[in-house]
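Below is one structure, written out as structure tokens; the observations come after it.
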Amino acid sequence: MPLRLFNTLSGQVDELSPMDGKALRMYACGPTVYDYGHIGNFRTFLQIDVLRRTLALLSIPVRHVMNITDVDDKIICNAAEAGIPIAEYTAPFEQAFLEDLEVLGVERPEILARATEHIPRMVELIQKLSSAGAAYKTEDGSWYFRLASFPEYGKLSKKDLSGMEDGARVDLDEYEKDSARDFALWKAAKPGETSWDTAIGRGRPGWHIECSAMAMEYLGESFDLHAGGEDLMFPHHENEIAQSESVTHRPFARNWMHVRFLLVDGRKMSKSEGNFFTLRDLLLKGYKASAIRLALISVPYRHQLNFTFDGLTEATNAIDRLRTFRKRLTAPQAAFSAGSNPALQTAACKAQTDYIAALSNDLNTAEARAPIFELVRAANTALDQGQFFADDSDAILAVLASFDAVFDVIEDRDAEPTRRALEWAQKEGRMGDVAPELLASQALTDEAIDALVAERTLAKRQRNFARADQIRNEMAEKGIIIEDSKDGVRWKRK
RNA sequence: GCACCGGUGGUGAAGCGGCUAACACGCAGGUCUGCAAAACCUGUAUUCGCGGGUUCAAUUCCCGCCCGGUGCUCCA
């Protein structure tokens with residue numbers, strides 16, 4: 001089944017397939033590593049991960065490049081304030097970013113490209129732009145792109161700039177530009193600032209040029225898909241197109257995917273609103289990595305997502321349902337007799353088909369979830385009625401595996417990220433931000449819990465229900481849920 | 001101001017010309033249980049922001065209005 005994806009450039013849903021018939025070549029704008037990533041950043045990377053994984057599910061090979069912007073104004077400024085070289089400043093944030101991606105189950109792109117490691121390619125590109133008459137150098141040694149040389153400018157964001165030429169010249173530093181809208185390719189070195197000595201002068205790259213240079217370096221002059229947050233559409237991506245196509249005279253990326261911003265409690269997330277959250281903030285509040293992942297991917301990428309704590313709780317409970325169900329099939333006691341239930345076999349097939357169809361339809365994750373939950377209910381019912389057999393278990397586990405190939409929330413890997421977040425909080429002196437229930441839960445080792453469970457089981461056998469309930473309640477307060485079942489006692493950390 | 005997107009139950013959220021308006025969470029009642037939990041069953045929007053229009057038929061298309069968001073500047 002082909003993947004249909006909304007293409008910002010064409011303004012419609014287009015079929016996405018590798019233009020060279022081999023691997024789908026995609027470039028996704030990565031982070032500027034000057035701080036810890038927040039959930040808004042991660043929604044974008046998570047949705048791109050959904051795309052990657054969906055392509056894999058559809059057996060389309062991918063070559064995915066992501067840049068790491070490790071030089072820009074903010075970085076230079078912050079590093080200077082800290083009195084350290086920029087690389088020393090960015091390294092821990094890059095590390096933290098990659099760890100956070102791992103925590104959220106975001107697959108690593110095939111290629112990670114750091115801006116500072118590709119300066120020569122950028123310089124080359126600027127030289128080519130210069131020979132093509134699309135770039136010029138100003139007196140201070142900076143280079144700008146000449147917008148007037150690229151009539152197609154605005155084709156991505158559907159802006160017609162012809163009417164709005166040259167407004168007031170705002171930035172005094174840029175008084176030498178030919179036109180106010182011309183953007184920087186290369187910024188001349190200022191005293192004391194990080195800079196590179198190159199053929200086009202001493203300075204540092206403008207922001208947009210790195211993506212053009214690195215995308216072409218790893219994917220060629222023309223490739224399949226370029227993705228990023230909606231804010232990047234203009235001017236960043238528009239500028240990339242202008243720079244690249246002015247040199248190659250070929251379409252830069254054929255498809256463009258833009259992920260919408262998220263809202264927090266119905267408002268734009270911002271530090272001043274007090275609704276700004278990093279991944280680490282949420283882990284310390286006791287939310288599981290899987291719940292954060294599910295909450296951030298369950299609303300399709302083209303829709304605004306309103307992020308709330310209630311939403312996280314919902315995601316937590318929904319994942320719980322899936323995990324509990326899967327345990328029902330995989331527990332050692334669950335030995336089903338040979339055979340199959342035809343109705344369930346049909347349901348499993350249908351669920352799989354509907355699931356893939358929904359994802360293929362512009363990555364409709366909300367729609368894709370539905371058939372999985374429907375199948376879970378059908379299977380639970382059959383299980384309760386004793387109409388469930390070994391073949392059904394195999395078929396349904398296969399559907400769940402396919403669900404997890406994209407959603408990746410059933411497999412429980414939540415303990416480690418939480419443990420690491422606590423370690424980090426300790427180191428950063430942020431233990432005050434840790435939810436008390438999380439601390440209480442972490443204080444109980446698995447062994448201690450097993451001992452309490454054993455004590456409770458004994459109390460129950462002696463019909464000392466008061467004591468049994470007391471243990472259960474006390475553990476519940478510490479976030480440990482105990483469940484009795486025919487097959488014995490189960491417990492889990494909330 | 002200009003441009004774009006959206007307004008569906010208690011909540012989140014699909015559907016976008018005609019099926020009983022998915023799915024999840026929540027809540028209420030029931031089955032099971034020592035009690036719970038899990039699981040299942042039943043109920044939870046006679047209705048899709050408001051007002052017009054097109055159509056045999058509109059939540060779905062068109063127009064107007066109201067409300068929310070976003071972009072036009074660094075930003076995922």
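In what follows, chains carry the letters A, B, and so on, assigned in the order in which the sequence lines appear, proteins first and then strands, with residues in each chain numbered from 1.
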### Message
Can you tell me whether the side chain of A:Asp484 and the base of B:C35 have a donor-acceptor pair closer than 3.5 Å?
### Response
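Counting by modelled atom types and ignoring angles, a donor-acceptor contact under 3.5 Å is found here.
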### Message
Under 3.5 Å, is there any donor-acceptor pair linking the side chain of A:Arg472 to the base of B:C35?
### Response
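Indeed, a donor on one side and an acceptor on the other fall under 3.5 Å apart.
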Could you tell me whether [X] contacts a base, only the sugar-phosphate backbone, or nothing, with contacts defined as non-hydrogen atoms closer than 4.0 Å?
| X | answer |
| --- | --- |
| A:Arg369 | sugar-phosphate |
| A:His303 | sugar-phosphate |
| A:Asn364 | sugar-phosphate |
| A:Arg467 | nothing |
| A:Ala366 | base |
| A:Val299 | sugar-phosphate |
| A:Gly311 | nothing |
| A:Leu232 | sugar-phosphate |
| A:Asp469 | base |
| A:Pro300 | sugar-phosphate |
| A:Gln385 | nothing |
| A:Thr381 | sugar-phosphate |
| A:Arg377 | sugar-phosphate |
| A:Gly37 | nothing |

Distance check, [atom1] atoms only: [N] and [M], in whole angstrom units.
| N | M | atom1 | answer |
| --- | --- | --- | --- |
| B:C50 | B:U8 | C1' | 15 Å |
| B:G1 | B:C25 | P | 43 Å |
| B:G7 | B:U59 | P | 15 Å |
| B:C23 | B:G15 | C1' | 11 Å |
| B:C40 | B:A45 | C1' | 24 Å |
| B:U44 | B:U20 | P | 16 Å |
| B:U55 | B:A39 | C1' | 47 Å |
| B:C61 | B:G6 | P | 9 Å |

Hey, can you tell me if [X] and [Y] have their rings parallel, tilted or perpendicular (30° and 60° cut-offs)?
| X | Y | answer |
| --- | --- | --- |
| A:Tyr153 | A:Phe234 | perpendicular |
| A:Tyr355 | A:Phe407 | tilted |
| A:Phe252 | A:Trp256 | tilted |
| A:Tyr218 | A:His118 | perpendicular |

### Query
So which one's nearest nucleotide on RNA chain B is more toward 5', A:Glu314 or A:Leu305?
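Here A:Leu305 is the residue nearer the 5' end.
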### Query
Between A:Leu263 and A:Phe465, which has a closest nucleotide on RNA chain B that is more 5'?
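Its nucleotide being nearer the 5' end, the pick is A:Phe465.
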For [N] and [X] - does any side-chain N or O of the residue sit under 4.0 Å from the phosphate oxygens OP1/OP2?
| X | N | result |
| --- | --- | --- |
| A:Lys158 | B:C2 | no |
| A:Arg267 | B:G68 | no |
| A:Asn306 | B:G12 | no |

For atom [atom1] of [X] and atom [atom2] of [N], their distance in whole Å:
| X | N | atom1 | atom2 | answer |
| --- | --- | --- | --- | --- |
| A:Asp310 | B:A13 | CG | P | 12 Å |
| A:Glu238 | B:A3 | CD | C1' | 14 Å |
| A:Glu230 | B:A3 | CD | C1' | 13 Å |

### Query
Taking the six-membered ring for Trp, does A:Phe234 stack with B:G71 (centroid gap under 5.5 Å, planes within less than 30°)?
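Taking the rule of under 5.5 Å and under 30°, the ring of A:Phe234 does not stack on B:G71.
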### Message
As a quick check of understanding, evaluate side chain to side chain contact (heavy atoms under 4.5 Å, CB included) for A:Phe45 and A:Asp100, giving each step before the final call.
### Response
CA-CA 11 Å; A:Phe45 298 120; A:Asp100 287 353; over 6 Å; no
#### Entry: Rounded distance (nearest 0.5 Å) linking atom OG1 of A:Thr69 with atom CE of A:Met214
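Rounded to the nearest 0.5 Å, the OG1-CE separation comes to 6.5 Å.
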### Task
Measure the CD-CG distance between A:Gln462 and A:Leu458 for me, rounded to the nearest 0.5 Å.
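These two atoms lie 4.0 Å from each other.
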Tell me which nucleotide among [options] gets nearest to the side chain of [X].
| X | options | result |
| --- | --- | --- |
| A:Arg321 | B:A76, B:C23, B:A24 | B:A24 |
| A:Glu367 | B:C25, B:A76, B:A14 | B:A14 |
| A:Phe261 | B:A38, B:A76, B:C40 | B:A76 |
| A:Asp384 | B:U70, B:U73, B:C40 | B:C40 |
| A:Ala370 | B:C5, B:A76, B:C23 | B:C23 |
| A:Lys460 | B:G34, B:A76, B:A22 | B:G34 |

Base partner of [N], which must satisfy Watson-Crick or wobble distances under 3.5 Å:
| N | result |
| --- | --- |
| B:A28 | B:U42 |
| B:G18 | B:C56 |
| B:A37 | none |
| B:A3 | B:U70 |

### Task
Using a strict 4.0 Å threshold on nitrogen-to-oxygen distance, state whether A:Arg323 and A:Glu411 make a salt bridge.
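No.
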### Query
What do the steps show when you test A:Glu437 against A:Lys494 for salt bridge (Lys or Arg N to Asp or Glu O under 4.0 Å), and what is the final call?
CA-CA 10 Å; A:Glu437 197 185 52; A:Lys494 205 170 95 194; 3.6 Å; yes
